[in-house]
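For reference, positions follow the sequence shown, starting with 1. Just so it is clear, the structure is predicted and the values come from calculations on it, not from any experiment.
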Amino acid sequence: MALAFCGDEGNSTAYNVDHGVLNNGCFVDALNVVPHVFLLFITFPILFIGWGSQSSKVHIHHSTWLHFPGHNLRWILTFILLFVLVCEIAEGIVSDGVSESRHLHLYMPAGMAFLAAITSVVYYHNIETSNFPKLLIALLFYWTLAFITKTIKFVKFCDNGVGFSQLRFCLTGLLVVLYGMLLAVEINVIRVRRYVFFKTPKEVKPPEDLQDLGVRFLQPFVNLLSKGTYWWMNTFIKTAHKKPIDLKTIGKLPIAMRALTNYILLNEAFEAQKNKRSSSPQGSRSIWRALCCAFGRPLLLSSTFRILADLLGFAGPLCISGIVHNTKILGVFFISSQEFLSNAYVLAVLLFFALLLQRTFLQASYYVAIETGINLRGAIQTKIYNKIMQLSTSNMSMGEMTAGQICNLVAIDTNQLMWFFFLCPNLWAMPVQIIVGVLLLYYLLGISALIGAAVIIVLAPVQYFVATKLSQAQRSTLEYSNERLKKTNEMLRGIKLLKLYAWEHIFHSSVEETRQKEMTSLKSFALYTSISIFMNAAIPIAAVLITFVVHAHLTRKADFSPSVAFASLSLFHILVSPLFLLSSVVRSTVKALVSVQKLSEFLSSEEIGEEHDKSSELRSADNHSKYQAVVSKAVSLLPLKVVNRKRPAREDWNNYSSHMRRPINITEADDFCVKITNGFFTWTPEGPPALSGIDIRIPQGQLTMIVGQVGCGKSSLLLAILGEMQKISGNISWSRKRGAVAYASQKPWLLNATVEENITFESSFNKQRYKAVIDACSLQPDIDILPHGDQTQIGERGINLSGGQRQRISVARALYQQTNVVFLDDPFSALDIHLSDHLMQEGILKMLREDKRTIVLVTHKLQYLPHADWIIAMKDGNIQREGTLKDIQKSETELFEHWKTLMNRQDQELEKENPVLERTNLRRTMYSREALLKDDEEDEEEVTESDDEDNLSSVLHQRAKMPWRACGKYLSAAGILLLPLLLLSQLLKHTVMVAIDFCLALWTEDEFDHSPYSKVFSVLCCLGIVLCLVTSIAVEWTGLKVTKKLHSSLLNKIILAPMRFFETTPLGSILNRFSADCNTIDQHIPATLECLSRSTLLCVSALAVISYVTPMFLIALVPLAIMCYFIQKYFRVASRDLQQLDDSTQLPLLSHFSETVEGLTTIRAFRYEAKFRQKLLEYTDSNNIASLFLTAANRWLEVRMEYIGACVVLIAAVTSITSCLYSKITSGLVGLGLTYALMVSNYLNWMVRNLADMEIQLGAVKRINGLLKTEAENYEGLLSSSQIPQNWPDRGEIQIQNLSVRYDSNLKPVLKHVNAHISPGQKIGICGRTGSGKSSFSLAFFRMVDTFEGRIIIDGIDIAKLPLQTLRSRLSIILQDPILFSGTIRFNLDPEKKCTDSMLWEALEIAQLKHVVKALPGGLDAIVTEGGENFSQGQRQLFCLARAFVRKTSIFIMDEATASIDMATENILQKVVMTAFADRTVVTIAHRVHTILNSDLVIVMKRGVILEYDKPEVLLEQEDSVFASFVQADK
């Protein structure tokens, strides 16, 4: 066929110019090519050569600076222009279809215009990002020329009577308008930027974000194309594949998205609401109004996108209908739009564009909604935090607002609101979608469509009912799960005791019992989940079945052609999705309403008094400016942390003075620091005053002590001075404006940070001062045994410290600060006498008093009163007396004498205590330290052996791989029966689904006899519905079976693991396996597995059907499949990293909230509100940036998958139309192929997303499997139960022969060749310094350590031959740390339920606890809270004694049992041991040497060897004996 620009029909009319050149259509078309050629020639050299030296001089990090006016309008107009040009090309080709030769002038100019339009936008983008506006002059010329040539063509059409009925006329008109508008945009750029025709061009600066190297989230700054396709994410996702993503990689948030910006927005909206309704209180309605006011606009945009996307979604069914109906081709010179749209190829291309646009709008809608939700969450969290900072202390202490409630508000309610905002656009879009869908169905099928739609709509309430049941089941599962975790936690915390007492089985069955309840709840959860999955799959089948059968039988003459049937089928698929969403949207809305109600209650709760407000320079009346001031202050303080670290540490801390210090000069008039006159203070406004008639003054620069009995209001007085209590009357005056006060509260408060950060507490680091403080608080030995020294994380998420260590760190913080005033609230309570003395001398007297600081010390240690410059004695909330010690001695002799007797008693205690021997709260398992060191060494060896690059590449390879092994483990746990059922049911279901649609294709081809087809169709549909039920139940059933099996094996393994395992594995990580990982396996994996298998099989079946209809499609499938593979591979790696980042950045945020709530008084005393606010903003922003990147990554994937799906539809449509024209396949099959092609784009997404989710979730299976490999202790013995006497050991004789033990086969021995013989009923004392092997000695009796040489023989039986259960159940031990479990007192004394009540009362009487228990409600059945918190430390230790006594064993071991109790309780214990245990063998490991002076034998140990072994009196007589030196030191 000949090709010619104007055609080649042999007649020369095409080249006829008799009526003027412009009246020749072909010439006008040729003229139209000129501008496009001009642009291509001008711009190509510039684009390819680049503009090197001419580039912008502004230093800007990202090449995304979009600053020309009308930027977005230009992109939108260009997109429309490209679409119209595609239509013009198509129109040209279609009109040219008839004639023999090809008329290039009909479509070639449009083709050139298309190229030029693309070039124009690429050229513009490059000029804009490199900021060289002068080159835009080329575009100005181009738009002018294009506009003129198109206008000429349009005018000529009008002259020749071509009108609106012809499509070409309409397209030309549209192009004139578009070129005109683009020209206007170009002129506007010149007008605003003045880059030509003006003398001085306008200077513009790039936004702050783009100048910041840290900002890497570019979505707000890129052009429309990149915004819509997330093109800017490409480099990010590629780098994620090369190296793991961390917080550094994702950088900072852009300013507009930061929590502070959004908080200010929200706060302004709140203030506006307050001003509007100043009369009415702030309720949830005004919160909703404020939220809408602050974040309503983006939501409106998101909803608009959503509605547009939904409307475009209907293009699919309509185009299918048209394509199947019109598989024919026509061609004339001018065609009408109707003729144009009846061309199947045109419809295929239009469908492709509609799909691209629809998917882009849909993803844009999701993105905007999610971004708004995340911004809103950040703003609300900041709002809540600000409120916390002003909360009244009484709210917290009186239980009106618990820390738990506040944390829930932050963790759950802000997320509920965020989710509501995500789903919000659905509220408006869903009704539109449903109405349009039903109308279109009615148009296609008539009345029968309404019946089908009615089925879907009637079943919607059922779905809602199922959804509510599902959430109820989830709630009850959560309750049982919490209970199980509480028990598991207690079991793990007391695991040492359980093993020593052989009680594993009791706790194991207790956890299993709760797990059974949880499983019952999980079963109902699984049942409702499977019903929900079943309904989602079955409702569309039922609706289609009813509709088509009714349509075919009722309306005999009805049109039931393939075009109608398959268009309707697609419409049903579209209709079902909003109805599925409905239940979750309704649920989310209800939850959001409840959350806002809670929020409004919280925001209207009481704040602290005016006093504090006046004194705090940070708070001004205007909330908004207050916050800005705070932040600017915080920002100015922020760099200090970095700078000070690098300061030379040499400077002496005496001349290192902070801005808080001032020279003190005491005069008569100004000798007080704080003065309270006639003060009455209360905790609650209605309650009675806690402090009344307070008249005190605290002298400047001196040491004031506050003393009095427990509960007389000493701590309250400190808090009243700090403004934390509500003042009823009176006056607090500070000599100068109140600055920061270094405050150490009675209950030590630690940050989740390192030891060093806890002590320096946001102040700059000064090495000398830091060392002095550490020494004053005797913290160095504690720091030495921590795994990473003072860089060890402590606090909630860090290492557990003893009470004394926590208290000393809290005091060290107060000492380190450079404030003038220091408040110490009972700093000695958890310290022994020596530590207290050292702290008093070195810390309080030397560091503070000599420095002329004002110190207020609350204490019970009266022996320090002589050091006080001023004493305030309190009684029952009143001041009993104030003055110096001399004043009180003169005026209150009785009080003074009372103090004196107490002082003497405390001094005697001091004499008894042991100064050198050892420090109790530093007790440590030396082997765990060795293990840590050993692990470090091993790690280092590994690193040196492996080549870095190889290592990295193998790690990256691992990251890119799917955890198939874990998947295999999961499925194999389902058992031999379920697995085949699961696979077969899924395959069968999808086969039946395809069969249903094939049947429909055949049925619609046969226009005469409906009945046989309708019967087969009905049978297949019913079978499909049944199979849907079977698959959904099979998946959930598999899930239940696996979860039951995994949890039970995990529990068995853990409880039987050796003690060594618990000492080397952090408790938190074991607990995580039982909590988070079990929850994932319980609730998430089954659903993900179902979704993944369904979407994968749907994709496979769809592609198979299309390939069957048109085998040509397979050729195009290969490149698409390769693209899909790479996209999912890159996405999965990035998605997993971002998901983990999102989770890990949430933890510090939540703990910062709980930490602030707990330390509120300390933060306010230190005046650190601004610093903590700044910290919050950082945590919130880092969590939000991770969430935003995760969202953008999901959109990145979805857009690409949707576009591939659109390509599948286009290729399927074109190949099937071609096949239909040439190889005559039926139009029914064309409809079938296209319907399936439309489904592919939906399911491709789901497949990859679920694959990524599955990968993350299978991590839980992997971790649990890791723990399942733990070796259990060897519980079997060589002797059977019949060979062991029933009452063994009855005498209590112990022979130790050449005993050597170690904690692990690869560690050094801790006892070496120990020999000893203990006669029945002897009392043995063992002493030695820390780490001498005393505790290992006691553990050897229970085989808790590895005995690799020698043996222990008790009453003639070698303990190595006994079963562990038997051995441990026949001995008793009291450990240093008293452990009680939650439950009753009876359960704590006798969990095996072997004893009668009288035996228990007897044991309690011996332990001096009978009167305590009698006084409790319920007696023996009185409740013990978790960890025994409702009893004092001493009482807990006595309960442990009673527990040991109940066992009535003949051998009794006390492992430093008196270390953590006071003298009085210790004396009781000693008496009990001597009298009640007179006939038993007692081995005492001594904490204080004087406790073993009455023993029959003393063993002195050193480094695992027995140094001395004799009677105490014999050893004392030998002057050079180690024991004698210990006793000497103890005096």
Side-chain angles (χ1 to χ4, degrees), residues 496-497 499-501 917-918 923 1288-1297 1299 1301 1310-1311 1314-1330 1332-1345 1347 1350-1355 1357 1359 1362 1367-1377 1437 1440-1441 1443-1445 1447-1459 1466 1469-1502 1504-1512 1515 1523 1526:
K496 188 172 183 181
L497 184 84
K499 287 190 169 295
L500 289 168
Y501 274 65
L917 186 55
E918 56 185 308
R923 287 237 34 252
W1288 176 93
D1290 49 349
R1291 301 198 335 276
E1293 181 187 13
I1294 304 172
Q1295 285 169 290
I1296 299 169
Q1297 301 172 351
L1299 181 72
V1301 302
V1310 282
L1311 290 183
V1314 172
N1315 288 290
H1317 180 262
I1318 299 166
S1319 309
Q1322 270 191 331
K1323 307 287 176 279
I1324 306 293
I1326 303 179
C1327 61
R1329 293 183 183 281
T1330 302
S1332 59
K1334 307 185 302 295
S1335 289
S1336 316
F1337 197 91
S1338 67
L1339 293 176
F1341 293 124
F1342 293 86
R1343 285 182 28 211
M1344 295 283 278
V1345 284
T1347 305
R1351 58 188 187 156
I1352 299 177
I1353 297 172
I1354 298 179
D1355 283 2
I1357 296 181
I1359 63 167
L1362 291 167
L1367 168 67
R1368 292 173 181 174
S1369 62
R1370 307 281 177 95
L1371 307 177
S1372 295
I1373 185 166
I1374 302 186
L1375 293 170
Q1376 178 197 0
D1377 298 318
Q1437 196 61 283
C1440 292
L1441 176 74
R1443 176 196 287 156
F1445 187 77
R1447 281 170 83 96
K1448 294 266 194 312
T1449 56
S1450 61
I1451 294 177
F1452 179 60
I1453 295 160
M1454 292 171 67
D1455 185 358
E1456 299 198 8
T1458 58
E1466 186 176 1
L1469 261 176
Q1470 294 300 327
K1471 278 183 201 147
V1472 169
V1473 171
M1474 289 307 158
T1475 53
F1477 294 176
D1479 55 340
R1480 308 190 191 184
T1481 306
V1482 179
V1483 178
T1484 306
I1485 289 165
H1487 160 59
R1488 304 180 178 106
V1489 180
H1490 71 270
T1491 57
I1492 55 169
L1493 285 174
N1494 301 333
S1495 308
D1496 300 328
L1497 275 176
V1498 168
I1499 295 177
V1500 181
M1501 301 196 68
K1502 186 178 183 184
V1505 180
I1506 292 183
L1507 270 189
E1508 293 170 355
Y1509 174 53
D1510 214 328
K1511 290 179 180 164
L1515 291 174
F1523 183 66
F1526 278 169

From I1453, L500, L1371, T1484, residue fulfilling side-chain contact (heavy atoms from CB on, under 4.5 Å) relative to S1338: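 Result: among I1453, L500, L1371, T1484, I1453 is the only option passing the side-chain contact (heavy atoms from CB on, under 4.5 Å) with S1338.
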Derivation and outcome, side-chain contact (heavy atoms from CB on, under 4.5 Å), residues Y501 and R1447: CA-CA 9 Å; Y501 274 65; R1447 281 170 83 96; 3.0 Å; yes
side-chain contact (heavy atoms from CB on, under 4.5 Å) between E1293 and T1481, worked out: CA-CA 8 Å; E1293 181 187 13; T1481 306; over 6 Å; no
Residue pair F1342, I1359: steps toward the side-chain contact (heavy atoms from CB on, under 4.5 Å) verdict: CA-CA 8 Å; F1342 293 86; I1359 63 167; over 6 Å; no
Between CD1 on residue I1451 and CG on residue D1355, distance to nearest 0.5 Å: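 Answer for the CD1-CG pair, I1451 versus D1355, is 6.0 Å.
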Interatomic distance, L1299 atom CG to F1341 atom CZ [nearest 0.5 angstrom]: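 Rounded to the nearest 0.5 Å, the CG-CZ separation comes to 8.5 Å.
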Donor-acceptor contact present, side-chain K499 to main-chain R1368, <3.5 Å: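 The answer is no, because no donor-acceptor pair under 3.5 Å joins these two groups.
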Over all heavy atoms of both residues, which pair between [X] and [Y] is shortest? Give the atoms and the distance, please.
X	Y	answer
A1444	I1374	CB-CG1, 4.0 Å
P1512	V1498	CB-CG2, 3.8 Å
L1497	Q1322	CD1-OE1, 3.6 Å

What I'd like to find out is whether the side chain of [X] reaches to under 4.5 Å of the side chain of [Y], using heavy atoms alone.
X	Y	answer
I1506	Y1509	yes
I1353	Q1297	yes
W1288	L1362	yes
K496	M1344	yes
L1507	F1523	no
I1354	R1291	no
V1310	V1345	no
V1483	I1326	yes

Test log, rule side-chain contact (heavy atoms from CB on, under 4.5 Å), inputs L1441 and R1443: CA-CA 5 Å; L1441 176 74; R1443 176 196 287 156; over 6 Å; no
